[in-house]
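See below for the structure under consideration.
Throughout, a chain's letter reflects where its sequence line sits, starting with A, and its residues are numbered from 1. Owing to the predicted nature of the structure, the values given are computational and were not obtained by experimental measurement.
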2 protein chains.
Amino acid sequence: MKDGKTILSQWADDGQCDLTIDTSTDQALSSTLMRGLEILGLYSDTEDRLSNSEIARRLGLNRATVSRLCKTLVHMGYLRRDPKGLFRLAPQILSLAYPVLAATRWRHRLIPPMREIAEMSNGNVSLCVMSDDRFVQVQPVGDPASFPHIPEPGITGPLLRSASGRSLLALLEGQELNDKLAELRMRFPEDFDKYAEPTFAAIQRCREEGFCVAYGEWRPNIVALSTPLGQTEDGLYVALSCGLPRFRAREDVIENDLGPRMAEAANSIRMMGVFRAPSFAKQRA
Amino acid sequence: MKDGKTILSQWADDGQCDLTIDTSTDQALSSTLMRGLEILGLYSDTEDRLSNSEIARRLGLNRATVSRLCKTLVHMGYLRRDPKGLFRLAPQILSLAYPVLAATRWRHRLIPPMREIAEMSNGNVSLCVMSDDRFVQVQPVGDPASFPHIPEPGITGPLLRSASGRSLLALLEGQELNDKLAELRMRFPEDFDKYAEPTFAAIQRCREEGFCVAYGEWRPNIVALSTPLGQTEDGLYVALSCGLPRFRAREDVIENDLGPRMAEAANSIRMMGVFRAPSFAKQRA
DNA sequence: ACATGTGTTACGATATTTGAAACAAGAGGG
DNA sequence: CCCTCTTGTTTCAAATATCGTAACACATGT
């Protein structure tokens, strides 16, 4: 694809290289805090209770260390113990997320148009924001039946190998995009090698056609479309995505019907004035 | 109130006293981790960006220490920096809460009946669960207009001085209730002295009439009703609450109309089979 | 009974964290 | 403009808090 090459070469020209890669025992980072947070990060919808040993194994820590860290987390109210002594996340963990939810009230206004897309596509529609090197879903709409995951705020995924991530990247421009790509290359060198080109192509397509598609690159059985929306006044980049079970996804419908429709929906959503539209959208409008 | 006295004396008889109160520098707890989490806990809907110095001041820490801890939190993706260098919560913090949201899918089924109550009362209805020594709102329904807070999952409040907290306590029985009260007395001695009696009365009322009321004891301008629902299969205690701006709350309507209606709604919600009904509800049914 | 796995505590060694101080950078104010 | 005040970061040595070993109690299953 020459579309992909365009941005790829632009990026390659830049040629800025790796700086300090002293990722190891960075004495400027607090390892105890990191480990504690890593414990909280181990949980998922499928793994909702973990034993001390299990945590120690996964994180490569001593059981005694984990015992103390978990005791601290229980004391703080973010973990609780079930009858068997296993550790579970406590509901209080929601309180940490509350300020973020409270700051994204605009998402409620987008639910009606999202629902339209969900019904039209018979899929799952979600609103995603960029957070560092990941995208985070802040609002799902649709029926979770036959989906491999439970649609709720907080699902995250990689930027380089997901439709959502790529359309978010499409919102970055110039130096900002370069910096982000550099960061991604540094953090995930293998992913970057593998997915850089399709990512560039997707970015290009988002800018030209208003959407991009990923055929199971992140979740193997899900085909995803995504369209960049813009930037909120407090700096969050936002994209609108739609996921379909692969077996139900007809490529021609996606490419020629659903994709353009989502781009169209994104346009009318931008009319609401919540987002600062990206420059490429302004040009097309 | 003799209703209050009943439980109060029952509690007083018990006479179990304070154990080890070595709350200070507990060498079994990881202070670094606690401090890091305390930083994340500083944020709220009104305080959404904090400077290094501000954090240091609030937590009584050295600026250098805060700098390192925040750097770690940024590195982990849970904090981000705004253009002025202030620290904000990053959307990725939602990912920590996701497993809890995913584990409470039953709340979606309760939204329709909650909406009914919201429309009937012209107030704000919420679903709360007990988490340690607090209640946590997991699902709000209603119009946030003219409310002092933004209704989203994650709002938390005290057990002893809120209607939600008290109806949650009403779900505990026997030794479990005693243990919880003992914990609350230990952690919040002043609150316990002040609010023990109205709390006992509220628990009693929940068991007899199915609801309780708090007139601005937690949020001064809010009158709150709450009714205990039961316990989910994974052990969460759940209550249904309704908040009204004080100026709009007529006491007789609340006591004689709204309260009984909420108790009634709770009964029909229990029919859905999501909750293990509390024993007092079974008796009444 | 034994053997295995687990979770917790004690304790000494040590590596991590800490606070003071110094620095650079910015914001007013005169 | 200089000056002052505040801020955020870094350096560095001190020391404190953390870590891993070991030992324990407990459970489970053979």
Legend entry - Distance in Å, B/F280 CZ paired with B/L171 CG, rounded so as to fall on 0.5 Å steps: 5.0 Å
What is the distance from [atom1] of [X] to [atom2] of [N], rounded to the nearest Å?
X	N	atom1	atom2	result
B/L86	D/dG8	CG	C1'	11 Å
A/M34	D/dT18	CE	P	16 Å
B/K84	C/dA27	NZ	C1'	14 Å
B/R35	D/dT16	CZ	P	13 Å
B/R57	C/dG19	CZ	P	16 Å
B/N52	D/dT10	CG	C1'	13 Å
B/D82	D/dT7	CG	C1'	14 Å
A/N62	C/dG12	CG	P	18 Å

Inset, instruction - Would you check, one step at a time, whether the test side chain to side chain donor-acceptor pair (under 3.5 Å) holds for B/T32 with A/T32? - result: CA-CA 6 Å; B/T32 305; A/T32 305; 4.7 Å; no
Please tell me which of the listed nucleotides, [options], lies nearest to the side chain of [X]?
X	options	answer
B/S31	C/dT8, D/dA17, D/dT10	D/dA17
B/R68	C/dG19, D/dT9, C/dG7	C/dG19
A/R81	C/dT8, C/dT17, C/dG19	C/dT8

Legend entry - A/E38/A/R35 ion pair, N-O < 4.0 Å: no
Inset, instruction - Before accepting this row, confirm whether a basic side-chain N of the pair A/D234/B/R49 lies closer than 4.0 Å to the acidic partner's carboxylate O. - result: no
Inset, instruction - Please tell me which of A/T32 and A/R63 maps to the more 5' nucleotide of DNA chain D, matching each residue to the nucleotide holding its nearest heavy atom. - result: A/T32
Under 4.0 Å between a side-chain N/O of [X] and OP1 or OP2 of [N], yes or no?
X	N	value
A/S53	C/dG7	yes
A/T65	D/dG20	yes
B/S51	D/dT7	no
A/S67	C/dG7	no
B/K71	D/dG8	no

Inset, instruction - Look only at the side chain of B/K180 and the backbone of B/Q175, and say whether a donor-acceptor pair between them is shorter than 3.5 Å. - result: no
